[in-house]
Amino acid sequence: MDLNRLIQHSNFEWEIPTAGDMLVPVIIYASEQLVRDMDDKVAIQAVNVATLPGIVKASYAMPDAHWGYGFPIGGVAAFDPDEGGVVSAGGVGFDISCGVRTLLTGLQRHHIEAVKNKLADDLYNTIPAGVGSTGGIHLKLREMDDMLRGGAQWALQRGFARPEDMARIEEAGCMAGAEPAQVSEHAKKRQQDEMGTLGSGNHYLEVQEVKDIYDTEVAAAFGIGLGDIVVSIHCGSRGLGHQIGTEFLKDMVIAAPQHGIHLPDRELACAPINSPLGQKYLGAMRAAINCALANRQILTHLTRCVFEKLLPDATMSLLYDVSHNTCKLEEHLIDGQRRKVYVHRKGATRAFGPGHPDIPEALRNVGQPVLIGGSMGTASYILVGAKDNDQRSFSSACHGAGRAMSRHAAVKQWRGRTVVDDLASRGIVVRSPSLRGVAEEAPGAYKDVSEVVEVADRAGLANKVARVEPLICIKG
DNA sequence: ATGTCC
C-alpha cells in the first residue's frame with residue numbers, strides 16, 4: 001500500500017481521510033511494515049465500505065487485513081439503523097461465525113508426550129475433517145430449526161456440553177433473534193449431516209503447549225500457566241453459513257436499487273437494517289451463528305470423549321469461544337453519545353475490555369479472552385481485550401495471521417508430504433485427509449502471526465497474555 | 001470458507 005495517501009496518527013494508526021463519496025474516514029491499525037505489505041485492495045475495499053449508508057465513525061482495518069469478498073478480511077464497520085444504516089452479507093462473509101475456542105486440559109507436556117501419536121490418531125478418527133465431511137449426527141429438518149434457534153444451548157440439552165461452558169461463549173451460547181424460517185431449506189439440507197465436523201481450509205483442531213506468558217495476572221485469571229496443554233478448535237457454520245451468504249448476496253444485489261443504494265462494488269451488496277430484506281438476513285445470519293456455536297460445542301464434546309479415554313485426568317474446561325465473522329447489535333460510545341449500532345466484524349474478533357457487562361463474571365475485571373489462531377504449525381496467541389478499546393474499532397482486534405500467498409501459489413511451491421515431514425521433525429504431528437490441503441495451508445503461505453499480534457497489542461486493541469505452539473494438528 | 005462449477 002502506498003504510504004503517501006495516508007495520514008499517520010501514531011506508530012500503529014493510519015488514516016485515509018474522507019474524500020469523494022466517503023462518509024467517514026478509513027482507519028488502519030498496523031505497523032509501517034504491515035501497511036507497506038498490505039494489498040492496495042485493502043485500501044480500495046475499506047474506502048468502498050466508508051461510502052455505505054449509515055456508517056458511523058470510520059471504516060476500520062485490523063493489522064491482519066487482506067483482500068476479501070467486498071469488505072476486506074480484517075474489516076470492522078458499524079452502522080446506525082436510524083440513519084439508513086445497512087447490513088451487508090459480504091460484510092459478514094461466507095463462513096458466518098467462523099471462530100476459535102480454547103479448552104484448558106489441566107495437563108502438562110509430559111502427560112501428552114507418551115501418548116502423542118495415539119492421541120493424534122484418536123482425535124483424527126473421532127473428528128470428521130475435510131471438504132464435505134459428515135459426522136455421526138444426523139438432524140431432521142425440524143431438529144435443525146431447534147439447533148438454529150438454540151446454538152450451544154441446544155447442544156447442552158442434547159448432552160454435548162457442560163452447563164458451565166455456556167458462560168464462556170459469546171451471547172452465553174445462544175444468539176438471540178435467530179429466525180430459522182429465514183434459512184432456506186437448501187441451506188438446512190446442506191447442514192443436516194455436517195454438525196460436529198471440522199470442514200477444510202484453515203480450519204483445525206490443535207493440541208497446544210503454552211510456551212510463553214506475557215501477563216501473569218491475566219493468565220492466572222484465565223487459568224493458564226507455562227507448559228500447560230490446551231486444545232484449540234477453529235471452525236464455523238460449514239455449508240449452512242456458506243449457502244445463506246450466497247443466497248442473500250444475490251438478493252441484496254438485486255434489491256439495492258430499490259433501496260436507493262449505489263454499490264461501488266457489487267460484492268458490497270447490502271440492505272437497510274430497517275428493511276424486510278435486512279431483517280430477513282439478520283434472522284438467517286443469527287441462525288448461522290447458532291449453527292457455528294453448536295458445531296464448535298459438538299467438536300468440544302468429541303474432543304472431551306477422546307481425552308476421557310486416553311487421559312482421564314484432563315479437566316477440559318472451556319476458556320472461551322470467539323466468533324470472527326459476524327454482525328452484532330452493540331452499544332458504543334460515539335462522539336460522546338452512547339448509541340446502538342450494528343457492528344460488522346469480518347475476520348475480526350470482538351475484544352471487550354475490562355468491565356464490559358457481556359464478559360463472564362469470573363473474567364469481567366480482566367477483560368474478554370481474545371483467541372488468535374495461527375496457521376498450521378505456527379504459534380497461536382491468547383490476548384485480552386484492551387482497556388478503553390471502545391474508542392478504537394468498536395472493541396475489535398485481529399483474528400489471525402492472514403494469507404500471504406494464494407492457495408494456488410502455495411500448492412505450486414510446497415508438497416503436502418514434505419510439509420507434514422518437516423513439521424514432524426519439529427515434533428508437530430499433523431493428521432489430515434488431504435495432502436493438497438496441507439500444501440495450501442503450509443506455514444510459509446501465511447504472514448507472521450507474531451507481528452500481527454504485536455501490533456494489536458501496541459495499538460491498544462488487545463493485549464498479549466500467552467503464546468501457544470502446536471504439538472498435534474488435525475487439519476481439514 | 002465452500003457438495004473448491006448448477
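Just so we're on the same page: letters track the sequence lines, and every chain starts at 1. Just so it is clear, the structure is predicted and the values come from calculations on it, not from any experiment.
- Distance, A:R436 CZ to B:dT2 P: 15 Å, rounded to whole Å.
- The side chain to side chain donor-acceptor pair (under 3.5 Å) search around A:K41 returns none, not counting sequence neighbours.
- At a cut-off of 3.5 Å, with distance as the only test, no side-chain donor of A:Y204 or A:S432 sits close to an acceptor on the other residue.
- Listed pair A:S200 / B:dT2 meets the phosphate criterion, a side-chain N or O lying under 4.0 Å from OP1 or OP2.
- Here the C1' atom of nucleotide B:dC6 and the NZ atom of A:K189 are 16 Å apart, to the nearest Å.
- At the heavy-atom level, A:G93 lies nowhere under 4.0 Å from the strands shown.
- When rounded to the nearest whole Å, the span between CG of A:D95 and P of B:dT2 equals 6 Å.
- A:E441 and A:Y446 form a side-chain donor-acceptor contact under 3.5 Å, judged by distance and modelled atom types alone.
- Counting any heavy atom pair closer than 4.0 Å across all strands shown, A:E194 reaches sugar-phosphate atoms only and no base atom.
- At whole-Å resolution of the value, NE2 in A:H186 and P in B:dC6 are 9 Å apart.
- A:Y69 places its OH atom 13 Å from the C1' atom of B:dT2, with the value rounded to the nearest Å.
- Contacts classified as salt bridge (Lys or Arg N to Asp or Glu O under 4.0 Å) and involving residues 191-205 of chain A (residues at least two apart or in different chains) are given here: A:E194-A:R238.
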Worked verdict on A:Y60 versus A:F394 for ring pair (Phe, Tyr, Trp, His ring centres under 6.0 Å): CA-CA 9 Å; A:Y60 295 97; A:F394 305 107; 5.7 Å; yes
Test log, rule side-chain contact (heavy atoms from CB on, under 4.5 Å), inputs A:R467 and A:V453: CA-CA 10 Å; A:R467 188 182 84 248; A:V453 163; over 6 Å; no
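- A heavy atom lying under 4.0 Å from DNA chain B marks the following residues of residues 230-252 of chain A, by number: A:R238, A:G239, A:H242.
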